[in-house]
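A, B, ... follow the sequence lines: proteins, then strands. Residue 1 opens every chain.
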There are 2 protein chains.
Amino acid sequence: MSQRLNLEEIGRLAGVSRSTVSRVVNGEPNVSAEAKRRVEEVIQETGYRPHAAARSLASNRTGVVGLVIASAASTLFDDPYFGRLILGVTGATNSMGTTLALFLFDQESDEHSIIPRVVNSGMVDGVVVTATHTGDPVIEHLRRADMPFVVVGRPDDGRARYSVDADNRGGAVAAARHLVDQGYERLGLIAPPSNSTAGIDRRDGFLDGLSEVGLGIDGRMQEGDWSEESGRLAMRELLASEPDAVFVASDRMAVGALRAIREAGLSCPDDVAVVGFDGLLPADQTVPRLTSVVQPVAEVGERAARLLHAVIDGSAAGPEHVVLPTELLVRESCGAEAGR
Amino acid sequence: MSQRLNLEEIGRLAGVSRSTVSRVVNGEPNVSAEAKRRVEEVIQETGYRPHAAARSLASNRTGVVGLVIASAASTLFDDPYFGRLILGVTGATNSMGTTLALFLFDQESDEHSIIPRVVNSGMVDGVVVTATHTGDPVIEHLRRADMPFVVVGRPDDGRARYSVDADNRGGAVAAARHLVDQGYERLGLIAPPSNSTAGIDRRDGFLDGLSEVGLGIDGRMQEGDWSEESGRLAMRELLASEPDAVFVASDRMAVGALRAIREAGLSCPDDVAVVGFDGLLPADQTVPRLTSVVQPVAEVGERAARLLHAVIDGSAAGPEHVVLPTELLVRESCGAEAGR
DNA sequence: TCGGGGGATGGGAGCGCTCCCAGCTCCTGC
DNA sequence: GCAGGAGCTGGGAGCGCTCCCATCCCCCGA
């Protein structure tokens, strides 16, 4: 039915040339008010939209940015982290009139087939890439292809010029201080895997927060793998050394830790206080309500997307590494009055 | 630095013409083994990738499919539903070599600006669209533009030729039967909003499941809005009529309902049994562990994407409405032995 | 021996846009 | 009064690909 309208046709209907229509569509100056009005009228009537492929072929810009989420996507999708991140990114792209292409891969085979497609086919103007673990090969690919990119998370080396991260370290310090302020003395730590910068920052932040006041964990540490089950096992081990408060470096692991406490016949926060990290669980989902360090995931996504746009259109100055503040949200599991 | 390679250039390096290279790249027949080998060698060496925009301009196909999630995206992202759905869709698109463009909008203003862009700019070959509420205008837009589309969920009228849904009704019937089998007699229902087909199906399924055996809910019904808080308030109301078992039509609302039971000083499942719907929460997240009707969200996404591809390449026969089975997962909250 | 058919190949045309230059008009300043 | 510039407009060229037709060659059968 509706054969495609094009610039030439719109021009014919408005009594101007293809070029003038193009100028109107792209909001360029140097078009007479009269011509502009007529063209806009015709566009309105016909519902004309410029053809994305033609535009990007001619201009070498696509108006599409990619969001690359590599490795272990399926486990990570069990918590709302990526949902929030995507929401933040789309918030930014929607308001800037660009489109988001989503590249998820779990298996390395997918990675090998997708990355070249992303990078060399000219399909996107740039990408936001999540850095899940150290030594990720994706970044190297992007760099070699001169593709603009922004890393979500703290890059583990100097290869990334632009990044946006939450203040994992500061949040963990705040958690440590809070527990110390509550008067807990036998502090424990369920640490995240040390193959991620987020994990390292949360662990070091907590330990540094304690040593600021001359405390330590005295061996009361277990490492989890972000999963709920690993949190449960870690807490079960940890209970042997009778901690009175434990910082669990992610909410998912904290949920498992709470279960372990319950299973041991103990009570949180009376026997063991718990502070989590992420602040992504709906408030009431755990019993007791979990005190947690809230990281602004959606805002990280939004800032990353905006920074990427700046990089693409050349308005980004030098290297830029944004760190957004985290905040301790006190609820019940830490035993503080605020949540009682 | 690396100026773009094109077909002509690859052809020159391999000693053949642009056309022959194109045939090799697209896997067409009628290319000599020798020519094919040489071209593939050059492509391998140079890392050449066809330019997506040029290809789609010439062929009128983009290799991109859209996933449109309209309305209330931000609240819905609090649970893992959309994460799982996206995962299913990307699983399918990855394996089929297409790219996923994600269109999320919360505000109507976004909707009005994005839909025309999706539909008329030739940016995607087709879309998977989630039907969150009845009378959604998005579907009408797609239909008028002759854009291939597949609906996730049960469309509420005849305008959609293709859809993929979970068996909400069957799952709710199974929940009803299970509770009846357990010997509960004062059954209650926390229903979803009736402006969605999923909500209607879950409510009607439960009621029909009861009336099959001559039971009813005798007024023990409250309507929630999918949120945790609405589940809590609904259960609080419902407890006045002293139900011994309640079907809560979503896990998020069930979490709120469990909290209301606890807050009333009652115990689940001893005083009130609960069955949820969705099966998306990590197993241990609730106390007690929630018995729930599991819907195969990722598989719904995957089937929708595959069906869309069939529609796009014309291999889909007539209208097709896929309904995937749901399954009752018995854990603790229903009081059945399996979970104890 | 020669004609015909099919596989292999090359190149023209054109997809709808942007970029750029040329040309026209009108206005300003000396 | 005239040169020069600024504002506006039109159209050629070309982005890298696909589609299609023309050509060539080789092999087969009469």
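Spacing between atom CD of E28(A) and atom P of dT9(D) amounts to 12 Å, rounded to whole angstrom units. Atom-to-atom, CG of N6(B) to C1' of dC15(D) comes out at 10 Å; the value is rounded to the nearest Å. The distance between atom CG of L5(A) and atom P of dG16(C), rounded to the nearest whole Å, is 10 Å. When rounded to the nearest whole Å, the span between CZ of R23(B) and P of dG10(C) equals 8 Å. Going from atom CG of L57(B) over to atom P of dG14(D) covers 17 Å, rounded to whole Å. Rounded to an integer number of Å, the gap from N60(B) CG to dC17(D) P is 17 Å. For I10(B) and dG10(C), the CD1 to P distance is 15 Å, given to the nearest whole Å. L7(A) has its CG atom 16 Å from the P atom of dG12(D), to the nearest Å.
Put simply, S17(B) has a side-chain N or O that comes within less than 4.0 Å of OP1 or OP2 on dG10(C). Between T20(A) and the phosphate of dG10(D), there is a side-chain N or O to OP1/OP2 separation shorter than 4.0 Å. Residue R55(B) has a polar side-chain atom (N or O) positioned under 4.0 Å from OP1 or OP2 of dT18(D). Between S32(A) and dT9(D) there is a side-chain N or O to OP1 or OP2 distance below 4.0 Å. Here S22(B) reaches the OP1 or OP2 of dT18(D): one of its side-chain N or O atoms lies under 4.0 Å away.
At a threshold of 4.0 angstrom between heavy atoms, the contacts of N26(A) are confined to the sugar-phosphate backbone, with no base atom among them.
Where N30(B) and S19(A) meet DNA chain C, the nucleotide closest to each residue was compared, and N30(B) sits on the side nearer the 5' end. Between V31(B) and A58(B), the residue whose closest nucleotide on DNA chain C is further toward the 5' end is V31(B).
With 3.5 Å as the limit, one finds a donor-acceptor pair spanning the side chains of N26(A) and R55(A). For the 3.5 Å distance criterion, the side chains of T62(A) and D125(A) qualify, holding a donor opposite an acceptor.
Side-chain atoms of M96(A) and R306(A), non-hydrogen and from C-beta on, do get closer than 4.5 Å to each other. Side-chain contact between V89(A) and I86(A) is absent, with no heavy atoms from C-beta onward closer than 4.5 Å. Residues I312(A) and V65(A) have side chains in contact (heavy-atom distance under 4.5 Å, counting atoms from C-beta outward).
With hydrogens and angles ignored, a donor-acceptor pair under 3.5 angstrom links the side chain of R18(B) to the base of dT18(D).
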Quiz item: Can S315(B) and D313(B) be said to form a side chain to side chain donor-acceptor pair (under 3.5 Å), step by step?
Solution: CA-CA 6 Å; S315(B) 65; D313(B) 72 18; 2.8 Å; yes

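Remark: of the listed residues L7(A), V39(A), L13(A), L7(A) is the sole one forming a side chain to side chain contact (heavy atoms under 4.5 Å, CB included) with Y48(A).
The stretch residues 36-53 of chain B comes close to DNA chain D through Y48(B), P50(B), H51(B), each having a heavy atom under 4.0 Å from the strand.
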